[in-house]
Amino acid sequence: MLAGAVAAPSHAYLFVGPEHTGKATAALALAQALNCTEGDGCGACRECRAIASSNHPDVRVWELPEGEKTFKVEQVRALIAAVAYQPYQGRRKVHVLAAFDAIQAAGANALLKTLEEPPGETTLVLLARSLESVLPTIASRCQIVPFGLAPEGAILETLRRHVPLPDDALSVIARRSQGRMG
């Protein structure tokens, strides 16, 4: 689904699944693919490197403020104001709203108009743990992308490629991950 999104991107995606299942990683990979100058997210061009280092002017990740349990209406209004601007450097602006299920109802409602009529060169990516935690009016305006738990074998294979530890230690890590690659 996301590979097709590069050719014809939607204005809004809702990535839904348990924590540590790759939602934030996929959101940044999508941002890279949408702005890559060499292909579909090469990871090596200027745009991809800037996004990977959280240093791209057109890609922003909105996290819960430290010590807060919810996004406040004021924070959502700041996001809405930022969405109004055209891309500065890349082809598309991408705003990733992490922990979207922690948004207050008033903030979610404030975002509705932006989801209905977003600027043409902007993509919003909302990250949530469950579809039930998102207002139906928000979910209906997004392309829903489900994320699930990974099989233990897939986690083990990834660990083998990236972590220089003995196989028995990697097996324990894969088992204890409970399907969460992160």
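The structure presented is a predicted model; accordingly, all values stated were derived computationally and were not measured.
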Do the side chains of [X] and [Y] join up, straight or via other hydrophobic residues, at under 4.5 Å, putting them in one cluster?
| X | Y | answer |
| --- | --- | --- |
| Leu64 | Leu79 | yes |
| Leu126 | Leu131 | yes |
| Val83 | Ile80 | yes |
| Val16 | Tyr13 | no |

Exam field: side chain [X] to backbone [Y], donor-acceptor pair closer than 3.5 Å:
| X | Y | result |
| --- | --- | --- |
| Arg129 | Glu19 | no |
| Lys23 | Pro18 | yes |
| Asp58 | Gln89 | yes |
| Asn55 | Ala50 | no |
| Thr70 | Lys72 | no |

Spacing of [X] atom [atom1] and [Y] atom [atom2] [to the nearest 0.5 Å]:
| X | Y | atom1 | atom2 | answer |
| --- | --- | --- | --- | --- |
| Phe100 | Phe71 | CZ | CZ | 9.0 Å |
| Trp62 | His95 | CH2 | NE2 | 7.0 Å |
| Leu28 | Ser54 | CG | OG | 6.5 Å |
| Leu127 | Leu97 | CG | CG | 7.5 Å |
| Arg92 | Thr123 | CZ | OG1 | 3.5 Å |
| Leu124 | Lys93 | CG | NZ | 11.0 Å |

Original post:
Would you find more than 12 non-hydrogen atoms of other residues, nucleotides or ligands less than 6.0 Å from Arg180 atom CZ?
Top reply: yes
**OP:** Please go through Ile173's hydrophobic cluster and name the other residues, only I, L, V, M, F, W, Y counting, with side-chain heavy atoms under 4.5 Å joining them.
**Re:**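 Ile173 clusters with Ile155, Leu156, Leu159, Val163, Leu165, Leu170, Met181.
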Original post:
Who passes salt bridge (charged side-chain N to carboxylate O under 4.0 Å, His left out) against Glu63, sequence neighbours left out?
Top reply: none
Please find the pair of heavy atoms, one from [X] and one from [Y], that lie closest to each other, and give the distance.
| X | Y | answer |
| --- | --- | --- |
| Val134 | Ala139 | CG1-N, 4.1 Å |
| Gln32 | Ala52 | NE2-CB, 3.7 Å |
| Pro57 | Tyr88 | CG-CD2, 3.8 Å |
| Cys45 | Thr37 | CB-OG1, 3.4 Å |
| Ala128 | Leu14 | CB-CD1, 4.2 Å |
| Phe147 | Ala26 | CZ-CB, 3.6 Å |

Original post:
Who passes side chain to side chain donor-acceptor pair (under 3.5 Å) against Ser133, sequence neighbours left out?
Top reply: Ser130
Check: residues 108-115 side-chain donor-acceptor pairs under 3.5 Å, at least two apart:
from, atom 1, to, atom 2, distance (Å)
Asn109, ND2, Ala105, O, 3.2
Lys113, NZ, Glu117, OE1, 3.2

**OP:** Among residues two or more places apart or on two chains, list those pairs meeting side-chain hydrogen bond (donor to acceptor under 3.5 Å, both in side chains) that have a residue in residues 134-147.
**Re:** Glu116-Arg141
**OP:** Could you list all the salt bridge (Lys or Arg N to Asp or Glu O under 4.0 Å) pairs where at least one residue sits in residues 153-173, not counting sequence neighbours?
**Re:** Glu157-Arg160, Arg160-Asp167
Original post:
Any side-chain heavy-atom pair from Leu30 and Val94 closer than 4.5 angstrom?
Top reply: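 No; the side chains remain at least 4.5 Å from each other.
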